[in-house]
Amino acid sequence: MPYFQSSTALALPVKIATWNLNSIRARLPRVLAALERHEPDLLCVQETKSMNDKFPYEELAEVGYVASAHGQKTYNGVALLLRSGEGQLENVRNGFEGNPIPEQARVISGVFNGIQIVNAYVVNGKEVGDPKFEMKLAWLDALDVWLKKEFDPTKPFLICGDFNITPDDRDVWDVEKWQGRIFCTDRERAFVQGLHDWGLQDLQRKFSDEAGLFTWWDYRGGSHPRNLGLRIDLMLASKTLASNCVAFEVDREERRKSTGEGAPSDHAPVIAQFS
DNA sequence: ATGGTTGGTCGCCAA
């Protein structure tokens, strides 16, 4: 049954977050601390780099979260972390129909409090000209076909995650350096533009049109303190849901250097509040 | 063009 036939009524308020963890086990103390700090009703995570049999379900349960994981050995991996007792998460599905690389765990979806949600970890693509870049475009094309077949952008709908695409030049720390390069090509940006044309709104852009609102900073070269980053972690919502988005935050502090909780991910958590 | 850093896993590949 397509998701748009789901009859669950929209139930607000909810706080929804997305975060590329770069390993859920290496990041676990920081994940637990961030859950207690932000108290999201649903946290969508990417790059868990964990098979389900090694997923830290019990540690998450101790801080009140129930995980639905779509894992894989060594690479990729996505999951939905639901705050216990705070909402309904139904119809959870791993992957998507038509995926040209189904062995890579990059998409998990479900219906949360009446919101159709897709959590995606888009193929990186390595560099323009590499076969992996062509696979990225083929993967995006297949995801686009599935989204438009499976979901209804006139209903409450959200796609979030690590897009590995900068929507436009404001989302790039050095436009000249990145011109035409991976994450910044017209062919990649056409995917995001196509979702706008379909009826989705970039929730961060509802609140600010500033340049430099980054969500990812390279581990190398001290890029975070100098704010040499990219905005590639996005939350795109249908208009009916976007109209209920009352706050948006990038937890840039979380990306700062090591604490007693260990090293940070190279991505910051991104959080949206709906009322 | 290369390098720099991190993680999974244990020699590299991926990001």
Side-chain angles (χ1 to χ4, degrees), chain A residues 18-34 44-57 59-60 69-79 99-107 119-140 143 160-166 171-174 176-185 188 191 214-234 251-270:
Chain A
T18 179
W19 191 9
N20 179 317
L21 299 178
N22 185 20
S23 170
I24 194 165
R25 292 198 304 272
R27 215 66 59 213
L28 191 58
R30 295 186 81 119
V31 172
L32 299 177
C44 303
V45 296
Q46 306 88 38
E47 273 205 278
T48 55
K49 293 185 171 180
S50 177
M51 303 239 279
N52 286 2
D53 60 6
K54 288 185 169 180
F55 198 90
Y57 294 104
E59 295 89 336
L60 292 163
H70 177 26
Q72 158 189 355
K73 187 176 163 68
T74 309
Y75 302 119
N76 311 309
V78 287
N99 183 358
I101 40 173
E103 67 280 13
Q104 298 189 11
R106 296 181 174 276
V107 170
N119 173 23
Y121 174 46
V122 172
V123 175
N124 176 294
K126 195 173 170 74
E127 62 180 326
V128 176
D130 191 282
K132 288 180 178 169
F133 182 73
E134 295 304 319
M135 181 52 75
K136 178 182 198 171
L137 297 174
W139 188 91
L140 287 169
L143 182 65
C160 64
D162 177 359
F163 281 63
N164 274 321
I165 300 170
T166 58
D171 306 317
V172 181
W173 64 270
D174 184 333
E176 273 188 38
K177 175 187 167 71
W178 284 90
Q179 178 79 39
R181 291 179 57 187
I182 190 82
F183 312 134
C184 303
T185 66
E188 292 162 283
F191 171 75
F214 305 137
T215 65
W216 171 87
W217 300 262
D218 199 299
Y219 279 122
R220 299 163 288 192
S223 58
H224 182 259
R226 296 190 285 158
N227 200 31
L228 311 182
L230 302 174
R231 190 174 77 95
I232 53 177
D233 299 274
L234 309 176
D251 183 3
R252 202 172 174 284
E253 275 299 296
E254 171 55 37
R255 175 61 182 82
R256 286 181 58 180
K257 207 46 191 166
S258 282
T259 63
E261 296 158 344
S265 169
D266 46 353
H267 296 252
V270 169

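Everything numeric here is computed off the predicted structure, so don't read it as measured data. Convention: sequence-line order gives letters A, B, ...; per-chain numbering from 1.
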- Query: Is there side-chain contact between A/Trp139 and A/Val107, with heavy atoms separated by less than 4.5 Å?
  - Reply: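 Contact flag for A/Trp139/A/Val107 side chains = yes.
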
How far, in whole Å, is [M] from [N] if one measures between their [atom1] atoms?
N: B/dC10; M: B/dA14; atom1: C1'; result: 16 Å
N: B/dA15; M: B/dG4; atom1: C1'; result: 13 Å
N: B/dC13; M: B/dT2; atom1: P; result: 16 Å

Could you tell me the separation between the [atom1] atom of [X] and the [atom2] atom of [N], rounded to a whole number of Å?
X: A/Leu21; N: B/dG7; atom1: CG; atom2: P; result: 12 Å
X: A/Asp130; N: B/dA14; atom1: CG; atom2: C1'; result: 11 Å
X: A/Leu28; N: B/dG7; atom1: CG; atom2: P; result: 13 Å
X: A/Trp216; N: B/dA15; atom1: CH2; atom2: P; result: 12 Å
X: A/Glu127; N: B/dA15; atom1: CD; atom2: C1'; result: 13 Å
X: A/Lys54; N: B/dG7; atom1: NZ; atom2: C1'; result: 13 Å
X: A/Asp266; N: B/dG8; atom1: CG; atom2: P; result: 12 Å
X: A/Glu47; N: B/dG7; atom1: CD; atom2: P; result: 11 Å

- Query: In terms of the nearest nucleotide of DNA chain B, which residue is placed more toward the 5' end: A/His267 or A/Ala26?
  - Reply: A/Ala26

- Message: If you assign A/Asn124 and A/Ile24 each to the DNA chain B nucleotide with the nearest heavy atom, which residue ends up on the more 5' nucleotide?
- Response: A/Ile24

- Item | B/dA14 phosphate, OP1 or OP2, under 4.0 Å from A/Lys132 side-chain N/O | yes

Check nucleotides 2-4 of chain B against the protein and report each pair of N or O atoms closer than 3.5 Å, with its distance, or say if there are none.
from, atom 1, to, atom 2, distance (Å)
B/dG4, N1, A/Arg220, NH1, 3.0

- Query: Should the ring pair A/Trp217 and A/His224 be called parallel, tilted or perpendicular, given that the plane angle runs from 0 to 90° and is split at 30 and 60?
  - Reply: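 Correct class here is perpendicular.
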
- Which word best sums up how the rings of A/Trp173 and A/Trp178 line up, parallel for under 30°, tilted for 30 to 60°, or perpendicular for over 60°?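 A/Trp173 vs A/Trp178 ring planes: perpendicular.
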
- Message: Can you confirm whether the side chains of A/Arg25 and A/Ser50 place a donor and an acceptor under 3.5 Å from each other?
- Response: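 Side-chain D/A pair, A/Arg25 to A/Ser50: present.
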
- If we ignore angles and hydrogens, is there a donor and acceptor under 3.5 Å between the side chains of A/Asn124 and A/Lys136? no

- Task: Report which part of the nucleic acid A/Tyr121 touches: base, sugar-phosphate, or nothing (heavy-atom distance under 4.0 Å, all strands).
- Result: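 The answer is sugar-phosphate, as A/Tyr121 gets under 4.0 Å only of primed atoms, P, OP1 or OP2.
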
- Sugar-phosphate, base or nothing in reach of A/Lys73, heavy atoms under 4.0 Å: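 Sugar-phosphate: the residue A/Lys73, judged by heavy atoms under 4.0 Å, touches backbone atoms but no base.
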
- Task: Supply the atom-to-atom distance A/Trp19 CH2 to A/Asp251 CG, rounded to the nearest 0.5 angstrom.
- Result: 7.5 Å

- Message: Please check if the number of heavy atoms outside A/Glu176 that lie under 6.0 Å from its CD is greater than 12.
- Response: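 Check fails, neighbour count at 12 or below.
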
